[in-house]
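Below is one structure, written out as structure tokens; comments come after it.
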Amino acid sequence: MEKHISRRAFLKESLKVTGLTIAVSITPFGFKLQNASADKEGMKKSFKPSAWFEITPDNRVTITIGNSEMGQGVLTALPMIIADELEADWKQVKIVQGPALEAFMNPILHLQLTVASASVRGFYEPLRNAAAAGRAMLIQAAAQTWKVSEDACEAIPGAVRNKKSGKELTYGQLCLKAAALEIPKKPPLKPETRFRYMGKPMPRVDIPEKVSGKAVYGLDVDLPDLHYAVLSRPPAYGAKPVSYDEKAAMAVKGVKKIVPTPHGIAVCAESFYAAQKGRDALKTQWGPGVMPQMDNQVIEKSLMADLDKPGATVRNQGDAAGVLGQAEKKIKSTYYVPYIAHATMEPMNCTAHVQKDRCDIWVPTQGQTVAQLVGSKVSGIPPENVHIHTTLLGCGLGRRGAPDFVVEAVIASKALGKPVKVIWTREEDFKYDLFRAATTHRLEACVDTKKTLTAWSHKVVTPSILKYIAPEMVKGGIDFYSLWGVADYPNSPHNNNMTYQFANFYVEFVISELPPPVAPWRSVQNAPNAFVIESFMDEMAHLAGQDPLAFRLAHLKDNMRARRVLETVAEKAGWGKKMPKGRGLGIAQHSCFGTYVAQVADVTVNDDGVIKVNRMDVAVDCGPVVNPDPLKAQMEGGIVMGLSTALKEEVRFKNGGVETTNYEDYDLIRMSEVPEIRVHIIDSNEKIGGIGEPGVPPAAPAVANAVFAATGARLRRIPMTPARVLKAVSST
């Protein structure tokens with residue numbers, strides 16, 4: 001039976017820890033300081049005004065972060081918020097990775113989960129308020145010490161100063177006295193004009209150890225008596241093992257146990273090499289799978305055929321069908337986007353040690369809550385005794401939010417009775433990925449005599465993402481995760497809206513039942529959906545005889561943030577300038593995760609159909625900026641990934657499974673192909689948004705629209721290979 005830790009029990013346990021604990025209950029609506037207490041032992045050791053930070057008499061501020069660091073800079077950005085509002089001295093701050101803990105659950109996601117660009121935007125207000133409470137208590141402690149009013153004191157980095165006498169008391173000197181004070185219910189926040197760290201470039205704290213080689217990733221975990229496990233996995237989806245030679249595998253030196261699992265046959269051994277040899281000796285024979293004839297042609301044919309099936313009505317505003325039926329100027333287009341792999345730098349891996357009364361899991365995960373719960377279910381140990389040790393992640397992209405590799409490690413360790421590390425090879429990482437879903441779209445829209453887009457009809461076919469992660473959220477045949485960016489998600493905290501507003505708007509959705517499993521991929525389905533929408537908006541602008549920028553702005557009259565990023569990027573990129581033959585500019589915009597982004601691509605298309613992206617300009621409005629350097633880096637990285645999928649990436653399937661094996665047959669953009677990228681950050685007072693994913697969606701449509709400007713050829717599928725470019729050019 002699973003046991004769940006209640007908030008009440010969590011608070012009770014927290015108060016036993018040394019120092020003062022301010023328990024912060026996070027909800028979708030913000031935060032609430034619940035209570036405060038300190039025991040005598042705690043007052044002697046430290047001041048811990050939240051699960052996030054602790055001050056000790058040696059004047060050290062230890063900040064604990066529950067989010068996963070996968071290169072996005074979260075172990076720097078979140079501590080910056082705390083340190084700034086607390087008025088801590090950055091030189092005295094120590095940052096540590098937190099365990100799986102209810103206090104670290106994201107208020108947007110209701111889980112300890114690092115996805116959806118939700119880290120900073122989810123914790124911005126709770127961290128500021130918790131740190132402000134701590135600062136206020138330290139000032140009060142100083143005022144009591146000096147017997148002056150609190151107004152006579154001010155916090156400076158790492159200390160409180162008496163404004164009149166100039167005397168100072170460090171936070172270390174004040175922390176124990178502060179631990180005995182009541183928590184202010186509404187602590188005053190610093191005005192943004194007094195921010196010391198936020199809004200200014202701060203070097204990422206994870207970089208030095210990564211450069212020196214001291215950083216610990218999942219693959220680096222080492223334990224006494226560590227064993228290894230690899231799996232014999234089915235070559236086709238749904239294939240079941242018909243037979244395997246356990247005796248032959250056990251005869252391999254170093255092999256200790258053969259363990260059937262839901263994912264395949266695990267071979268546990270003293271070394272990774274021995275485990276692989278044992279797997280080879282198994283000679284597992286597999287059945288045919290659920291769709292043995294599946295390949296890329298079958299997949300595309302299936303998705304296209306589903307466009308003719310009746311689907312679920314997602315939006316039906318006005319009378320799109322009636323207006324389109326009467327329209328003289330209209331376009332009907334079909335778009336296609338294939339399956340894409342996550343292709344993370346570090347393949348999936350997990351180390352588990354299941355003991356009699358506890359389970360330890362060392363894992364590069366994006367989802368501590370889920371890892372803890374599945375670890376509990378598989379091991380049979382209560383969740384509170386399942387300890388998640390989050391390592392650095394060698395790239396996440398949504399793939400490491402899934403717990404499949406955690407399940408495998410826990411099963412193997414439980415069966416063997418020893419610590420076991422499961423390692424996926426690069427080939428396994430491709431073959432058993434949870435892909436970005438393939439999708440096909442059929443759109444029809446029209447413009448009137450005033451060159452206004454009066455009706456938009458949009459049918460989407462794609463596998464369901466929620467089917468794999470939260471099937472109960474699929475209502476009436478509608479998966480809004482798969483429709484992200486196409487239609488509003490009711491009451492969504494993620495701001496996944498279709499930016500344009502049309503009087504007559506119809507959206508229909510069909511869930512494809514193709515067997516390849518799918519999962520969120522950096523920006524979820526915003527990227528493929530934005531490719532379709534922004535490319536089709538360009539088609540409509542051309543039909544209306546309008547400049548693509550002017551046409552977009554005309555349909556964004558009430559969306560000032562979208563207008564602002566478009567106008568900014570157009571100005572910075574020199575939109576409207578005359579381009580030489582074979583060269584063009586393309587523009588696209590998209591909003592997701594509370595952030596608005598617009599991009600202009602400058603491309604050249606040669607006679608062989610090769611697209612060269614010369615430059616990408618991007619304007620971004622994410623509200624307040626915590627650390628501008630990672631913001632710039634995330635925009636650059638998002639564009640590079642967007643270009644890679646636009647120009648190169650496509651998973652190959654054959655005989656009912658994945659044919660792609662490694663990077664030799666999964667093409668990625670090369671550094672030599674990465675263009676100049678210029679990031680233009682807009683000063684904004686809007687609500688804070690995310691930065692990890694919004695840079696991806698506009699890249700592909702900006703390039704496709706630039707290709708049209710350069711050649712007159714419209715590309716309605718990706719990747720935009722030279723062969724497809726030449727075919728499109730020849731048909732113009």
Side-chain angles (χ1 to χ4, degrees), residues 331 333 451 530-531 533-556 563-590 597-620 635-636 639-640 642-648 669-670 672-680 695 697-732:
I331 293 178
S333 296
K451 302 180 180 180
F531 166 67
I533 293 167
E534 284 299 292
S535 296
F536 194 61
M537 277 297 288
D538 236 57
E539 290 197 62
M540 297 309 300
H542 183 67
L543 177 68
Q546 289 280 294
D547 171 81
L549 171 62
F551 187 75
R552 284 173 170 80
L553 293 174
H555 293 86
L556 290 168
R563 291 178 61 88
R564 186 164 50 183
V565 291
L566 279 168
E567 290 168 343
T568 299
V569 78
E571 177 188 355
K572 299 294 185 181
W575 183 263
K577 64 186 177 185
K578 188 174 182 180
M579 305 294 284
K581 183 180 178 182
R583 187 167 180 173
L585 296 180
I587 196 166
Q589 65 83 31
H590 192 75
V597 176
Q599 297 175 16
V600 170
D602 178 337
V603 312
T604 300
V605 183
N606 69 16
D607 293 338
D608 295 322
V610 176
I611 300 171
K612 178 185 178 183
V613 183
N614 306 304
R615 189 176 70 221
M616 294 289 294
D617 280 275
V618 53
V620 52
M635 288 299 113
E636 292 171 340
I639 287 172
V640 171
L643 294 179
S644 188
T645 60
L647 302 174
K648 302 276 187 175
I669 193 171
R670 305 301 197 266
S672 60
E673 298 170 305
V674 174
E676 175 190 5
I677 300 174
R678 303 191 303 187
V679 181
H680 313 287
V703 170
N705 295 337
V707 170
F708 176 78
T711 66
R714 186 67 69 183
L715 298 173
R716 299 186 181 92
R717 66 166 294 156
I718 56 176
M720 295 176 254
T721 62
R724 287 173 182 150
V725 171
L726 291 177
K727 182 178 180 180
V729 169
S730 67
S731 63
T732 57

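Judged by distance alone, the side chain of Arg563 and the main-chain N or O of Leu553 form a donor-acceptor pair under 3.5 Å. Side-chain atoms of Asp608 never come within 3.5 Å of backbone atoms of Val610 as a donor-acceptor pair (strictly under, hydrogens ignored). Without hydrogens or angle criteria, Ser644 side chain to Val640 main chain gives no donor-acceptor distance under 3.5 Å. In this structure, the side chain of Arg678 engages the main chain of Lys572 through a donor-acceptor pair within 3.5 Å. Formation of a donor-acceptor pair under 3.5 Å by the Gln599 side chain with backbone atoms of Ala699 is found in this model. Proximity of a side-chain donor or acceptor of Asp617 to a complementary backbone N or O of Val569 within less than 3.5 Å is not detected.
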- Item | Worked verdict on Ile331 versus His542 for side chain to side chain contact (heavy atoms under 4.5 Å, CB included) | CA-CA 10 Å; Ile331 293 178; His542 183 67; over 6 Å; no

- Task: Test side chain to side chain contact (heavy atoms under 4.5 Å, CB included) on Asp538 and Arg714 and set out the steps.
- Result: CA-CA 10 Å; Asp538 236 57; Arg714 186 67 69 183; 3.4 Å; yes

- Task: Apply side chain to side chain contact (heavy atoms under 4.5 Å, CB included) to Val597 and Val565, showing your working.
- Result: CA-CA 6 Å; Val597 176; Val565 291; over 6 Å; no

- Query: Going through the checks in order, is the side chain to side chain contact (heavy atoms under 4.5 Å, CB included) test met by Glu636 and Val679?
  - Reply: CA-CA 8 Å; Glu636 292 171 340; Val679 181; 4.0 Å; yes

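A pairwise comparison of heavy atoms in Val707 and Val603 identifies N-CG2, 3.9 Å as the closest pair. Counting all heavy atoms, side chain and backbone alike, Leu715 lies closest to Phe531 at O-CZ, 3.9 Å. Ile587 approaches Ala570 most closely through the heavy-atom pair CD1-CB, 4.4 Å. Across all their heavy atoms, Ala710 and Val605 have their closest contact at CB-CG2, 4.4 Å. Ala706 approaches Gly584 most closely through the heavy-atom pair CB-O, 3.6 Å. For the residue pair Pro675 and Met616, the shortest heavy atom distance occurs at CG-CG, 3.9 Å.
With rounding to the nearest 0.5 angstrom, the NZ atom of Lys648 is 3.5 Å from the CD atom of Glu673. Here Lys451 contributes atom NZ and Leu543 contributes atom CG; the two are 11.0 Å apart, rounded to the nearest 0.5 Å. Distance CG/Leu556 to CZ/Phe551: 10.5 Å, rounded to 0.5 Å. To the nearest 0.5 Å, atoms CZ (Arg615) and OG1 (Thr604) are separated by 11.0 Å. Residue Asn614 holds its CG atom at 4.0 Å from CZ of Arg583, rounded to the nearest 0.5 Å. Rounding to the nearest 0.5 angstrom, the gap separating the CG atom in Leu585 from the CG atom in Asn705 is 11.0 Å.
Inter-residue side-chain proximity for Ser535 and Phe708 is flagged as unmet; no heavy-atom pair is nearer than 4.5 Å.
For NE2 of His680, the number of neighbouring non-hydrogen atoms (other residues, nucleotides, ligands) closer than 6.0 Å is greater than 12. In this structure, Lys577 places its NZ atom where more than 12 heavy-atom neighbours from other residues, nucleotides or ligands lie under 6.0 Å away.
Partners of Arg724 by side chain to side chain donor-acceptor pair (under 3.5 Å), not counting sequence neighbours: none found. Remark: Thr711 engages no residue in a side chain to side chain donor-acceptor pair (under 3.5 Å) (not counting sequence neighbours).
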